[in-house]
Amino acid sequence: MPKTWRPPLDVVVVGAGVVGAACAYYAARAGLAVAVVDRGPVAGGTTGAGEGNLLVSDKEPGPELDLALLSTRLWRELAGELGAAVEYEAKGGLVVAQAAAGQEALRAFAARQAAAGVVAEEVPAERLRELEPHLSPGMAGGFHYPQDAQVQPALAAAHLLRAARRMGAELITGEIVRTVRRGADGAVLGVGTDRRRLDAPAVVNAAGTWGGEFAALAGVHLPVLPRRGFVLVTEPLPRIVRHKVYAADYVANVASGSAGLETSAVVEGTPGGPVLIGASRERVGFDRTLSREVLRRLAAQAAELFPVLADVAVMRAYRGFRPYLPDHLPAVGADPRVPGLYHACGHEGAGIGLAPATGLLIAEQLTGKQPEFDLTPFRADRFPAA
Ligand SMILES: Cc1cc2nc3c(=O)[nH]c(=O)nc-3n(C[C@H](O)[C@H](O)[C@H](O)COP(=O)(O)OP(=O)(O)OC[C@H]3O[C@@H](n4cnc5c(N)ncnc54)[C@H](O)[C@@H]3O)c2cc1C
């Protein structure tokens, strides 16, 4: 007979990336008995292969921005609790326009965001270099977003899980969840790995880019696809980039559903010294091949923003696979098709930023509380079956 975890669990979270970690943290904090299972190590999925931008600046008003604004507040609270360990930096973002038309578009975008609660301050061309002394001269202007921040994603996942474990959560790594067990009425009874059975009336799908495969184990359709991204890491440098800096066309890249290659550099310094230059977007399945063309484009775009980077050595590049859903919104909340099944996946290029709000909303649903806002736009059954 396979081993059953004791004491009885309230919820099993599948996935120990930043989203699963946040779900475990808020569920444990709400007093639930939680187990987290991952087939690999903590942050071994996309969380360990992303950047840590916590952005409101790139989001249109709507459900994703609502999640981001809630997360902004929660990350600030978490930074107080988890301390410097997660390398939280409330450094703010600077979006720059290369031409007057771009600045006009940024102005209109910022005005719409302001109505939703985003703080954005216009920066005239002549003041840009007060904020970023190494920025290329000749930019048309920009917008400063003081709410944008940064964490180190793998550390964030690890420390959220550590805090959850202090509140009683169990962490099981190196075990693939192979089955979602359901009763005669269809409701979730728990999950099974090769080594054990975990009985629980609730299961959270925090399987990231593999969230669609996991949903299929529970018998439901959820079309999560990989969207590949590369990041360049420079040699350690003195603090030459102070904010998260990116060009206006990044927002259009993020919102695009195109399968083709899109690049628009986001440049940021890190406490350790290396500058991170991310990120490309393309849908090429789980192809891990290093693309010199993508790296070349990212490097050139970064040097256009910061000419000083043209002479800097790149130490390494890495890639990851964002969990992409066709309408760019994650699946968050109870699945009406399977009682006891909850989804917390499909956050594409914003999962680090959106993790705390996702975790809190899931914990609220698990404990029968009214979630902070309407989760209808995030319902997993919004995609017609293939
Ligand atoms: C290049 C790049 C740059 C990025 N930059 C940013 C950024 O600046 N800001 C931001 O917010 N986001 C960014 N992202 C996106 C972000 O990294 C992801 O949205 C986020 O990491 C998703 O976290 P997750 O916990 O949902 O998934 P993951 O971290 O992938 O975790 C899912 C886990 O589920 C496990 N799993 C799957 N199936 C099973 C199973 N059957 N049994 C057991 N375990 C299973 C996997 O092993 C994995 O560990 C970036 C992504 C990339 C690729």
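Note that the structure is predicted; figures quoted are calculated from it, not measured. Both backbone and side-chain heavy atoms feed into the values below; hydrogens, waters and symmetry mates do not.
Between the side chain of R228 and the main chain of D287, a donor-acceptor pair closer than 3.5 Å is present. With N205 contributing its side chain and Y342 its backbone, the two residues share no donor-acceptor pair below 3.5 Å. Panel note: side chain D10, backbone L32; no donor-acceptor pair is recorded below 3.5 Å. A donor-acceptor pair under 3.5 Å is absent between the side-chain atoms of Y25 and the main chain of R165, judged by distance alone. Under the 3.5 Å distance criterion, the side-chain polar atoms of T234 are matched with a main-chain donor or acceptor of V275. One N or O on the side chain of T47 and one on the backbone of V18 form a donor-acceptor pair closer than 3.5 Å. Using a distance-only test at 3.5 Å, with no hydrogens or angles considered, no donor-acceptor pair links the side chain of S136 to the main chain of P307. In terms of modelled atom types and a separation under 3.5 Å, the side chain of K91 and the main chain of G269 share a donor-acceptor contact. Side chain of T209 to main chain of P226: no donor-acceptor pair is present (N/O by atom type, distance under 3.5 Å, no hydrogens or angles). At least one donor-acceptor pair under 3.5 Å links the side chain of R319 to the backbone N or O of R288.
The side-chain hydrogen bond (donor to acceptor under 3.5 Å, both in side chains) search around S71 returns none, not counting sequence neighbours. Applying the salt bridge (charged side-chain N to carboxylate O under 4.0 Å, His left out) rule to R297 yields no partners; only residues at least two apart in sequence or on another chain are considered. Scored by the salt bridge (charged side-chain N to carboxylate O under 4.0 Å, His left out) test, R129 finds no partners at all (sequence neighbours excluded). Applying the side-chain contact (heavy atoms from CB on, under 4.5 Å) criterion to P336, with sequence neighbours excluded, gives R379, D381. With sequence neighbours excluded, no residue satisfies side-chain hydrogen bond (donor to acceptor under 3.5 Å, both in side chains) with Q365. Scanning for side-chain contact (heavy atoms from CB on, under 4.5 Å) contacts around E87 gives Q152, L155, P271, with sequence neighbours left out. With sequence neighbours left out, the side-chain contact (heavy atoms from CB on, under 4.5 Å) criterion links A303 to A310. For T193, the side-chain contact (heavy atoms from CB on, under 4.5 Å) criterion is met by V37, E175, V177, R195, R196, not counting sequence neighbours. The ring-ring contact (aromatic ring centres under 6.0 Å, His included) test applied to Y26 returns no partner, not counting sequence neighbours. Residues forming a salt bridge (charged side-chain N to carboxylate O under 4.0 Å, His left out) with R162 (at least two apart in sequence, or on another chain): none. The salt bridge (charged side-chain N to carboxylate O under 4.0 Å, His left out) test applied to R127 returns E130, not counting sequence neighbours.
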Problem set entry | Residues T358, F378; criterion side-chain contact (heavy atoms from CB on, under 4.5 Å); working and verdict | CA-CA 10 Å; T358 302; F378 306 111; over 6 Å; no
For this session: Any chance you could lay out the ring-ring contact (aromatic ring centres under 6.0 Å, His included) test for F286 and W210, step after step, and finish with the verdict?
Result: CA-CA 11 Å; F286 285 102; W210 303 271; 5.8 Å; yes
For this session: Apply side chain to side chain donor-acceptor pair (under 3.5 Å) to the pair E64 and H328, showing each step before the final yes or no.
Result: CA-CA 9 Å; E64 194 192 17; H328 299 286; over 6 Å; no
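For the atom pair CG (L222) and SG (C345), the distance works out to 5.0 Å, reported to the nearest 0.5 Å. To the nearest 0.5 Å, atoms CG (L295) and CD1 (I277) are separated by 10.0 Å. Atom CZ of R322 is separated from atom CD of E282 by 9.5 Å, given to the nearest 0.5 angstrom. Here the CG atom belonging to L160 is positioned 8.5 Å from the CD atom belonging to E81, to the nearest 0.5 angstrom. Between atom CD of residue Q113 and atom CG of residue L106 there is a gap of 9.5 Å, rounded to the nearest 0.5 Å. A distance of 12.0 Å separates OH in Y318 from CZ in F230, rounded to the nearest 0.5 Å.
The minimum heavy-atom distance linking A157 with G17 is given by the pair CB-C, 4.0 Å. Across every non-hydrogen atom of G50 and P153, the tightest pair is O-CG, 4.2 Å. Among all heavy-atom pairs drawn from T46 and F321, the shortest one is OG1-O, 2.8 Å. Shown here for L290 and A317, the closest heavy-atom pair between the two residues is CD1-CB, 4.5 Å.
A salt bridge links E372 to R73: one of the charged nitrogens lies within less than 4.0 Å of a carboxylate oxygen. Between K244 and E268 there is a salt bridge, with a side-chain nitrogen of the basic residue lying less than 4.0 Å from a carboxylate oxygen of the acidic one.
At a threshold of 4.5 Å between non-hydrogen side-chain atoms, the residues L128 and V96 count as touching. N53 is not listed as a side-chain neighbour of D148, based on a closest heavy-atom distance of 4.5 Å or more. Considering only heavy atoms from C-beta on, L276 stays 4.5 Å or farther from V266 through its side chain. A heavy-atom distance below 4.5 Å is not found between the side chains of E60 and L65. Between L131 and L94, some side-chain heavy-atom pair lies under the 4.5 Å cut-off. At a threshold of 4.5 Å between non-hydrogen side-chain atoms, the residues E121 and Y145 do not count as touching. Contact annotation: the side chain of Q147 never approaches that of L54 to less than 4.5 Å [non-hydrogen atoms, C-beta and beyond]. Using a 4.5 Å heavy-atom cutoff, the side chains of R182 and V338 are in contact.
Checked options E89, E132, Q150; the residue passing with H243 is E132 (criterion: side-chain hydrogen bond (donor to acceptor under 3.5 Å, both in side chains)).
Cluster membership for V19 and L375, using ILVMFWY side-chain heavy atoms within less than 4.5 angstrom, is shared.
Inspection of the Q98 and E304 side chains reveals an N or O donor paired with an N or O acceptor under 3.5 Å.
V119 shares a hydrophobic cluster with no other residue; no ILVMFWY side chain has heavy atoms under 4.5 Å from its own.
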